[in-house]
Amino acid sequence: MISSAEPIAATFDFVPLRECPLCGQAERTLAYRRSYQGMDIRWERCSACRFVFQNPKLSRESLNSIYRSSTYWNVQIMETSQGLRLGYSDYAKGEAYRLRQSQWRLAQIRRFVATGSRWLDVACATGFFVKTLVDAGMQAWGVELSAEMAGYGIERYGVKIEARDFDSYTPPGAPLQAISIWGADSNFYDPVATYRHANRMLAPEGWLFFNFWDFDHPIRPLLGEFKIGLNGLYQLNRRNIHLLLEQSGFQAELLRMEWSFASLEAILSLTGRFLPLKWLGHLPLARAVFQVPTFSGFLVAARKVRTV
């Protein structure tokens, strides 16, 4: 189990938004609301681009305090569907399926990047994907807010991970050929600013790889509380993902449904189905790894078309 010396903030600060952070329009409606430790948290939907965003949203300091805490990576006790979930029951426990997911993702995008390319993996956690890249012959390293998670990956896999905030990070040396961002589609303080920051790190015709979950997909209700977390500041769909890329100087060359490696234990935990998890969690079947279609989860390969 990974632990951290930095506790999560006892209270959170929030920043009100007067307009959509993606398209700048002011008109919006309530999308959904949840409670967390007595706080009423709201998400609104832009009437123009349909982008869903937390409003008021967590301040940057409050958001970062979540990722640096042991609570996020090893929360153990989850809240119910009446309240927001926060993080993972035990992130490192998913090593078997996360390594296989990393290998699957690289297989889908391998043709876009030459062996030996400089590749940065953002929000890399313990470095599952960095290890996969290094094993494939890339000059790869990661950045991760949590020093504890970074240290765990460095020790276990022998890869390079810098414990830094990507939004203020400048990679050493020449421009990068590729940047990957997995599982963080809803977690950046300002997604447009973050993707533009990635753009400026890349060489001309460089590549940005990431995944996102279509919040407006017909299957979304079946996912329960998945991605509905305190740190889930935004919810994208297949329409506004192209707006985000256009504003950030990218063009999508591949957008396809992901197949996800997971365990039954992980699926029940991440979707907030804690009662079945309590019944089945002790069985060996709960920890078996299998691959399933996500339906509403998508992998994107985006080419840099201009510097922003």
Side-chain angles (χ1 to χ4, degrees), residues 1-8 63-76 86-107 109-110 113 115-173 176-188 194 198 201 208-211 229 231 258 260-263 265-266 269-270 287 289 299:
M1 183 184 296
I2 299 168
S3 62
S4 173
E6 296 186 62
I8 199 166
L63 182 66
N64 287 357
S65 74
I66 291 175
Y67 300 119
R68 290 182 172 128
S69 72
S70 59
T71 303
Y72 180 73
W73 302 104
N74 291 284
V75 65
Q76 299 298 316
L86 179 65
Y88 303 87
S89 58
D90 186 346
Y91 185 87
K93 193 175 181 180
E95 177 181 51
Y97 60 80
R98 287 197 169 90
L99 282 172
R100 293 181 67 179
Q101 188 67 29
S102 295
Q103 292 158 2
W104 183 89
R105 283 173 172 158
L106 182 57
I109 59 179
R110 183 67 182 79
V113 184
T115 300
S117 293
R118 286 167 49 80
W119 191 318
L120 177 66
D121 189 42
V122 177
C124 70
T126 55
F128 296 113
F129 193 68
V130 180
K131 169 181 166 49
T132 301
L133 291 172
V134 171
D135 290 347
M138 302 295 178
Q139 298 180 56
W141 71 100
V143 291
E144 166 57 44
L145 263 173
S146 169
E148 293 291 333
M149 296 295 281
Y152 180 93
I154 292 168
E155 181 178 353
R156 183 161 182 82
Y157 302 127
V159 296
K160 179 182 177 181
I161 303 175
E162 297 194 48
R164 300 282 297 278
D165 182 347
F166 174 68
D167 285 339
S168 59
Y169 176 69
T170 300
L176 305 170
Q177 281 73 53
I179 293 175
S180 51
I181 307 173
W182 305 118
D185 52 306
S186 61
N187 306 130
F188 291 112
T194 295
M201 293 182 183
L208 174 66
F209 305 109
F210 64 99
N211 67 322
N231 59 313
E258 277 206 291
S260 181
F261 285 95
S263 66
E265 181 180 50
S269 174
L270 290 171
R287 292 178 290 280
V289 176
L299 181 148

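Here the structure is a predicted model, which is why all the values come from computation and not from measurement.
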Minimum side-chain heavy-atom gap R118-W141 below 4.5 Å: yes
Minimum heavy-atom distance between L106 and A136, given as atom pair plus value: CD2-CB, 3.7 Å
Reported CD-to-CG distance for the pair E144 and D121, which is rounded to 0.5 angstrom: 9.5 Å
Parallel, tilted or perpendicular: ring planes of Y91 versus F128, cut at 30 and 60 degrees: tilted
C124 side, atom SG; E162 side, atom CD - distance, nearest 0.5 Å: 10.0 Å
Check: L299 and F209 side chains under 4.5 Å, non-hydrogen atoms: no
L120 and Y169, any side-chain heavy atoms less than 4.5 Å apart: yes
Distance-minimising heavy-atom pair for V159 and K131: CG1-CA, 3.9 Å
Gap separating the OG atom of S102 from the CG atom of D135, nearest 0.5 angstrom: 10.5 Å
Side-chain donor/acceptor of N187 to backbone N/O of N231, under 3.5 Å: yes
Ring geometry between F188 and F166 (parallel below 30°, tilted from 30 to 60°, perpendicular above 60°): tilted
W119: which of L133, L176, V130 passes side chain to side chain contact (heavy atoms under 4.5 Å, CB included): L133
Contact check, side chains of T126 and R98, non-hydrogen atoms, under 4.5 Å: no
Where R68 and L145 come nearest, the two heavy atoms and their spacing: NH2-CD2, 3.2 Å
Nearest heavy atoms of A140 and V134, plus distance in Å: O-CG2, 3.9 Å
Pairwise distance CG(D167) to OG1(T194) - rounded to 0.5 angstrom: 3.5 Å
Donor-acceptor contact below 3.5 Å, side chain Q101 vs main chain F261: yes
4.5 Å side-chain heavy-atom contact, I179 and F210: no
Atom of Y67, atom of W73 and distance for their closest heavy-atom approach: O-NE1, 2.8 Å
Heavy-atom closest pair, residues V289 and A96: CG2-CB, 4.0 Å
Distance (rounded to the nearest 0.5 Å) between S260 OG and R105 CZ: 7.0 Å
Residue pair T115 / R110, side-chain donor-acceptor N/O under 3.5 Å: yes
